Amino acid sequence: MKRLFVVVLLLLLVALPAQPVAAEIVVNFWNNFSGGDGEFMSAMVQNFNETHPDIRVEVSGVTWDDYYNRLLTSIAGGIGPDVAIMHTTHVPAYANQGMLLPFDEELASRNIPVDDYVESAWTGLNYQGKQYGIPLDVHPWVLYYNKDILGELGLLNSAGEFDPPTSPEEFRALIDKIDAAGHYPLSVEYVGNSWRGWYAFLKQAGGDVFVGNEVTINSPEALETLTFWASIPLAYPELVIGYDESVAIFAQGDAAFHFNGVWVTGYLEQIEGLNFGVVPWPTLFGSPAGWANSHAFVIPVQRGGADKAKMDAVLTFVDWMTENSYMWALAGHIPTRQSVLESPEFKALPYRPDYAAQAETVVYLPQHPNVLEIETALNEEVQAVTAGVKTPEEALKTLEQIIGSLVR
Amino acid sequence: MKFSGFSKRVSDAIAGYVLLLPFLIVLVVVVLYPLIQGFYMSFHNWGIFGDPVWVGLENYRQLWTDNNFRSSLWHTVYFVLLTTPPLVILGLLLAAGLNYPFRGRTLVRGMIFFPYLLTVSIVGIVWRWMLQRNYGLVNYYLGKMGIAPLGWLAEARTAMPSIALATIWWTIGFNLVVFLAALQDIPEELYEAARIDGAGPVKSFLRITVPLVRPTTIFVVIMQVIASFQVFGQVFVMTGGGPYGSTRTVVQYLYEQGFRYFRMGYASAIAYVLFFIMFVLTIVQWRVMGRREL
């Protein structure tokens, strides 16, 4: 009897701890965050895992430059992650190839608070009537300014802050004034994605790259805004630099203005002695609009199809991540949920609330399966204009032709 | 090994193939199969999922009129012309110099070979920073000599030469080692005899070293042209093909078409055109340079 008791006890000891382990659902999560972004992301996932004993999220980080290759090949092989980060602009291309799972039904049946999300960010992930992603953030380009330089030139208001210009002439005059005073006026990646700045102004002026199957890029609005966007680097060719350097110059405290995405806030604020401020993208033409992209959670198509328990776990995870995204805002990004934007935790953060309102007026590139190729064309043609090897008219004509062949 | 029921010859052959099998499997799976599959794909519209559509020679026809392909082919040829002569000539000269015994010779050899051990991303990032307009090391020293700062990677006319420079720095060590090995095979007596006959170092280099390392030179040139035609990593990391596509090479274009825009069939066609060009070039080089050898 005693012996039986011991055996039963031993069996129980072996069996009991095994039970919760078996019930734990493992979610494979891939993201492309490195550096500061990577640290904040890991901390969030760890926090989620600690508060959710029944789900274990395993992160696989890949450096940003081969992230999409890895993701592409894994999905093509039918062994993609359970959930992954993808840029909003990438979604149409991947969805069009059948690599992403639309999950409208799941959203409805699991009470995901769709209304809480910033509308532009949410609808940016709706492709051909189906929802392919849940936005984690909005990361627009904004205007950073050096308070010391602008203060010295008397360009700050009584509160010690900068009032952004409201017309192209005003902005240009500022650049000339700062340059005349012997400072580096504006650091931005002219050898890189400077088309984003032009695109923002194009949208402000009421133009667009293409609408549906129709190319609208060769327009008076496009010519006016591109001519303006190129006028600064053409007048100051020494400003034509790449991304790393554009950040370095501002971080060193040498540049008065810096155009960049909000992701750089987390880096800039750690630099000792750098006295900077940030304002939303300036409205120089017509109505407010600023270029942005978003990091979104997407669900790759799996070989065996979707498993219900796994889907529950994934959506629980994604919902929690966006609900707690003030932690993600530490990296600089703007959260996508109104409840987070209005929370005291977020409002207490430095810099972020100064540009959070911009989430309302951001513009993504129009949706199209070929949009990544269109992006490359925009990037190269705008670079050619800012380098002075093509006139805005020539570049717009080339773009009209290239984009025409891609959207028709 | 003897298998019962077979003659010695047959059983030796079986043993041979059994020993070759692991290698053959790897060869078939990672080389031969993709090679054939790629060729097959080049005649299709081939996406990620969904059924491929047979298009015959359409991809090749499209390549013929594709401006981006043409320009990337030209950029690649430009890169080959910029890198191959210095890598071969400098490699041989360095090897000849470092074949003479002097104090610290091993250290210098090591220093020149060292960059070859780095990965392409490290090389690319280091050079990207060194060649910056405002904080770059290169412009810093040029500035000391009174030369105005240049946007090395920011301007089309200097971007490709800059990538070529980084490539020479990165890979010259390999050619150095190959040439050094060839130099060791030249009998010392030949140089001695030349010295006695009154030949200086330049003359003995031109009359003894150059002709005797000829087979190695042919090997290095052919390998170098093949390697340079396939340039991708340095360009990808240093300029991403910019400014305004002026450094986009064929392999970069292939990568963009296949992995960014999901046109696997078109990318395969690019790969086969590149393969064909390199194949023809190699045969031509072999014929031209190797003739006296054969």
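Proteins come first, then strands; the chains are lettered A, B, ... in the order of their sequence lines, and each starts at number 1. Fair warning: this is a prediction, and the values are worked out from it, not measured in the lab.
- Sorted by first and then second residue, the ring-ring contact (aromatic ring centres under 6.0 Å, His included) pairs involving residues 365-394 of chain A (not counting sequence neighbours) are A:Phe210-A:His368.
- Heavy atoms of other residues, nucleotides or ligands lying less than 6.0 angstrom from CE of B:Met278 number more than 12.
- For residues 385-408 of chain A, a heavy-atom distance under 4.5 Å to chain B picks out A:Ala387, A:Val389, A:Leu406, given by residue number.
- Side-chain contact annotation: A:Asn69 with B:Tyr255, donor-acceptor N/O pair under 3.5 Å present.
- For residues 89-102 of chain A, heavy-atom neighbours of chain B at less than 4.5 Å comprise A:Ala93, A:Tyr94, A:Gln97, A:Gly98, A:Met99, sorted by residue number.
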Derivation of the side chain to side chain contact (heavy atoms under 4.5 Å, CB included) call for B:Glu256 and A:Glu373: CA-CA 9 Å; B:Glu256 287 175 10; A:Glu373 202 166 355; over 6 Å; no
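- The stretch residues 235-257 of chain A places A:Pro237, A:Glu238, A:Val240, A:Ile241, A:Asp244, A:Glu245, A:Ala248, A:Ile249, A:Gln252, A:Asp254 near chain B, each with some heavy atom under 4.5 Å from a heavy atom of that chain.
- Using a 4.5 Å cut-off on side-chain heavy atoms (C-beta onward), B:Asn134 and A:Tyr184 make contact.
- Looking at heavy atoms from C-beta onward, B:Arg248 lies in side-chain contact with A:Glu380 at the 4.5 angstrom threshold.
- Annotation: side chain of A:Val191 is not in contact with side chain of B:Tyr244 (no heavy-atom distance under 4.5 Å).
- Both the backbone and the side chain of B:Phe49 have a heavy atom closer than 4.5 Å to some heavy atom of chain A.
- Heavy-atom neighbours of B:Tyr116 OH from other residues, nucleotides or ligands within 6.0 Å: at or below the threshold of 12.
- Listed options B:Ile48, B:Asn67, B:Thr239 were ranked by heavy-atom pairs under 4.5 angstrom with chain A; first place goes to B:Ile48.
- Within a 6.0 Å radius of OH in B:Tyr60, more than 12 heavy atoms belonging to other residues, nucleotides or ligands are found.
- The number of heavy-atom neighbours closer than 6.0 Å to CH2 of B:Trp54, taken from other residues, nucleotides and ligands shown, is above 12.
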Verdict with supporting geometry, B:Arg260 and A:Thr376, side chain to side chain contact (heavy atoms under 4.5 Å, CB included): CA-CA 10 Å; B:Arg260 272 180 67 90; A:Thr376 304; 3.9 Å; yes
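- Neither the backbone nor the side chain of B:Glu155 comes within contact range of chain A; no heavy atoms are under 4.5 Å apart.
- Other residues, nucleotides and ligands place no more than 12 heavy atoms under 6.0 Å from the OH atom of A:Tyr267.
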